[in-house]
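The structure appears right after this line, and notes come after that.
Positions are given from 1, in the same order as the sequence printed here.
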Amino acid sequence: MSTLTLDGYRNDSSNAPVLKLDSRGVTVDSQRIPKIVPVLELDSRGVTVYSQRIPKIVHQCWYGPDPFPKKAINWTLTWKRCFPDWEYKLWNEVSNRKLIETYYPWFLKRYDEFPLNIMRGDAARYFYMHHFGGVYADHDTICIKPFQHMLINQSVVFGAMKGRVRAYDAPEGHVTNSFFASEPRHPFWMEMIYAIQKTPFTDPGTATGPWILAQGLQAYRKRHNDIKVYPHEYFNPFSWIDRANQKQCKDLNRMSRKEEEECIKSFPKAYVIGFHTKTWDKEMRRRG
């Protein structure tokens with residue numbers, strides 16, 4: 001039986017699309033790129049001190065067939081507590097496909113051909129950033145405290161994880177696709193979209209997820225300097241790479257509520273923490 005969760009969205013595959021359609025099938029709530037009203041402050045000379053280019057939107061996503069996890073409802077509520085005046089979008093398989101079909105129809109065939117939902121979920125988050133902008137966070141991340149000030153004067157923001165896995169990881173550490181923020185229409189996202197359009201269907205990490213993201217990020221930063229990668233303390237302090245030295249936290253959804261609280265306390269500088277539950281692995285196991 002489906003039940004209503006955050007914002008009235010249902011927790012099964014019957015979710016209503018985030019994109020609303022009028023009688024003509026035209027989106028009525030997101031036809032245009034969000035209007036960005038810069039937050040500006042002028043010094044005594046009339047010079048701009050800072051500007052907010054990243055829209056006040058939080059994007060999260062869940063694919064069926066399993067219902068939205070009960071733990072995740074509490075985790076997603078932390079984002080509403082951090083940013084009560086921001087728009088919140090909980091996407092699903094219906095609304096993701098509608099986004100592609102409406103604004104990026106040339107990618108729809110590729111999107112439908114992905115063999116796994118996790119690949120479609122990975123791909124969709126790049127389209128959220130390109131079309132809407134805002135903050136994307138996996139459903140198993142929590143917001144500890146507001147961080148809007150960390151987005152000032154930034155176009156694209158990532159949070160590194162402690163440790164490096166492959167040669168193309170960022171100097172700041174391993175950058176995952178579990179958290180990022182962006183202004184709309186930033187060219188980096190279209191580069192990522194083109195990359196996943198032509199990459200062979202291998203494993204999710206290589207085809208659509210963190211490995212191809214790290215490669216794309218390295219290539220882009222060799223040519224441009226407008227992407228900010230924060231060190232691990234702020235947005236990805238719990239590292240599965242360095243789990244041996246972080247025994248206060250457990251990945252793979254193995255923490256009780258009390259253990260989660262102890263894990264959170266161990267990262268006093270953190271604005272965001274990801275728990276690395278790896279729920280998408282269930283789909284991999286089902287497929288054998």
Side-chain angles (χ1 to χ4, degrees), residues 18 30 33-40 50-61 75-91 96 99 121-161 170 172-193 208-210 212-214 216-218 220-221 224-238 267 269-276:
V18 173
S30 56
I33 302 304
K35 182 180 180 181
I36 311 301
V37 180
V39 179
L40 301 176
Y50 64 83
S51 66
Q52 175 75 52
R53 298 192 288 268
I54 296 174
K56 296 181 178 182
I57 309 172
V58 174
H59 303 270
Q60 295 194 293
C61 179
W75 295 335
T76 56
L77 285 171
T78 66
W79 290 93
K80 289 198 164 188
R81 285 195 289 269
C82 278
F83 303 107
D85 61 333
W86 286 32
E87 183 179 1
Y88 178 86
K89 289 182 178 289
L90 179 60
W91 297 81
N96 279 343
L99 173 67
D122 284 343
R125 64 194 70 179
Y126 304 144
F127 289 97
Y128 306 158
M129 293 296 99
H130 186 261
H131 186 74
F132 295 103
V135 171
Y136 171 80
D138 273 357
H139 77 279
D140 58 357
T141 62
I142 60 171
C143 184
I144 308 298
K145 52 194 174 186
F147 54 84
Q148 189 172 352
H149 62 291
M150 303 287 277
L151 308 180
I152 297 298
N153 286 336
Q154 303 298 337
S155 297
V156 178
V157 167
F158 288 95
M161 181 189 296
E172 297 87 349
H174 178 55
V175 172
T176 75
N177 63 341
S178 60
F179 168 86
F180 38 69
S182 179
E183 64 183 10
R185 301 294 184 184
H186 192 280
F188 172 72
W189 301 112
M190 191 53 69
E191 289 192 12
M192 286 304 307
I193 290 166
T208 55
I212 193 169
L213 176 67
L217 182 61
Q218 181 192 60
Y220 184 89
R221 293 176 89 189
H224 308 281
N225 63 357
D226 60 342
I227 290 182
K228 175 70 174 181
V229 179
Y230 280 106
H232 69 273
E233 293 91 343
Y234 300 116
F235 295 109
N236 216 339
F238 172 34
F267 301 116
K269 294 183 180 180
Y271 295 95
V272 174
I273 297 176
F275 291 137
H276 313 303

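- No more than 12 heavy atoms of other residues, nucleotides or ligands sit less than 6.0 Å from atom NZ of Lys269.
- For His131 and Phe127, the gap between ring centers reaches or exceeds 6.0 Å.
- Between Gly209 and Tyr126, the closest heavy-atom pair is O-OH, 3.7 Å.
- Annotation: the span from Phe188 atom CZ to Leu217 atom CG amounts to 5.0 Å, rounded to 0.5 Å.
- Note that CZ of Arg81 and OG1 of Thr76 are 9.0 Å apart. Values are rounded to the nearest 0.5 Å.
- With hydrogens and angles left out, the side-chain atoms of Tyr136 and Asp138 include a donor and acceptor closer than 3.5 Å.
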Item to complete: Might you work through the side-chain contact (heavy atoms from CB on, under 4.5 Å) test for Gln148 and Gln52, ending with a clear yes or no?
Response: CA-CA 9 Å; Gln148 189 172 352; Gln52 175 75 52; 3.3 Å; yes

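- Annotation for His186 and Ser182: closest pair CB-OG, 3.9 Å, computed over non-hydrogen atoms.
- Among all heavy-atom pairs drawn from Met161 and His232, the shortest one is C-CB, 3.8 Å.
- When atom types are taken as modelled, the side chain of His224 and the backbone of Asp226 share no donor-acceptor pair closer than 3.5 angstrom.
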Discussion item. If you apply the rule side-chain contact (heavy atoms from CB on, under 4.5 Å), what do you find for Arg125 with Trp91, and how did you get there?
Written reply: CA-CA 10 Å; Arg125 64 194 70 179; Trp91 297 81; over 6 Å; no

Item to complete: Tell me, with the steps shown, if Asn153 and Ser51 meet side-chain contact (heavy atoms from CB on, under 4.5 Å).
Response: CA-CA 5 Å; Asn153 286 336; Ser51 66; 3.3 Å; yes

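- Here the straight-line distance linking atom CZ of Phe158 with atom CD of Glu172 works out to 11.0 Å at 0.5 Å rounding.
- Considering CD1 of Ile212 and CE of Met192, their distance stands at 5.0 Å, rounded to 0.5 Å.
- Separation of the Trp79 and Tyr88 ring centroids does not fall under the 6.0 Å cut-off.
- A donor-acceptor pair shorter than 3.5 Å can be found between the side chains of Asn96 and Tyr128.
- A donor-acceptor pair under 3.5 Å is formed between the side chain of His276 and the backbone N or O of Phe238.
- Using modelled atom types, one side-chain atom of Thr78 and one backbone atom of Cys143 make a donor-acceptor pair closer than 3.5 Å.
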Item to complete: Given side-chain contact (heavy atoms from CB on, under 4.5 Å), test Phe83 with Val135 step by step and report yes or no.
Response: CA-CA 11 Å; Phe83 303 107; Val135 171; 5.9 Å; no

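- Here Cys61 pairs with nothing under the disulfide (SG to SG under 2.5 Å) rule; sequence neighbours left out.
- To the nearest 0.5 Å, atoms CD1 (Ile273) and OG (Ser178) are separated by 12.0 Å.
- Residues Val175 and Ala170 share a closest heavy-atom pair of CG2-CB, 3.9 Å.
- Panel note: side chain Tyr234, backbone Met150; no donor-acceptor pair is recorded below 3.5 Å.
- We find the CZ-CD1 distance between Arg221 and Ile227 to be 7.0 Å, quoted to the nearest 0.5 Å.
- The heavy-atom pair separating Ala181 from Leu151 by the smallest distance is CB-CD2, 4.0 Å.
- Judged by distance alone, the side chain of His59 and the main-chain N or O of Gly133 form a donor-acceptor pair under 3.5 Å.
- Scanning for ring-ring contact (aromatic ring centres under 6.0 Å, His included) contacts around Phe179 gives Phe147, Phe235, with sequence neighbours left out.
- The shortest non-hydrogen separation linking Gly134 to Ile54 is O-CG2, 3.7 Å.
- The backbone N or O of Val156 lies less than 3.5 Å from no partner atom in the side chain of Gln154, so there is not a single donor-acceptor pair.
- Under the 6.0 Å cut-off for aromatic ring centres, Tyr271 and His149 qualify, their centroids lying closer than that.
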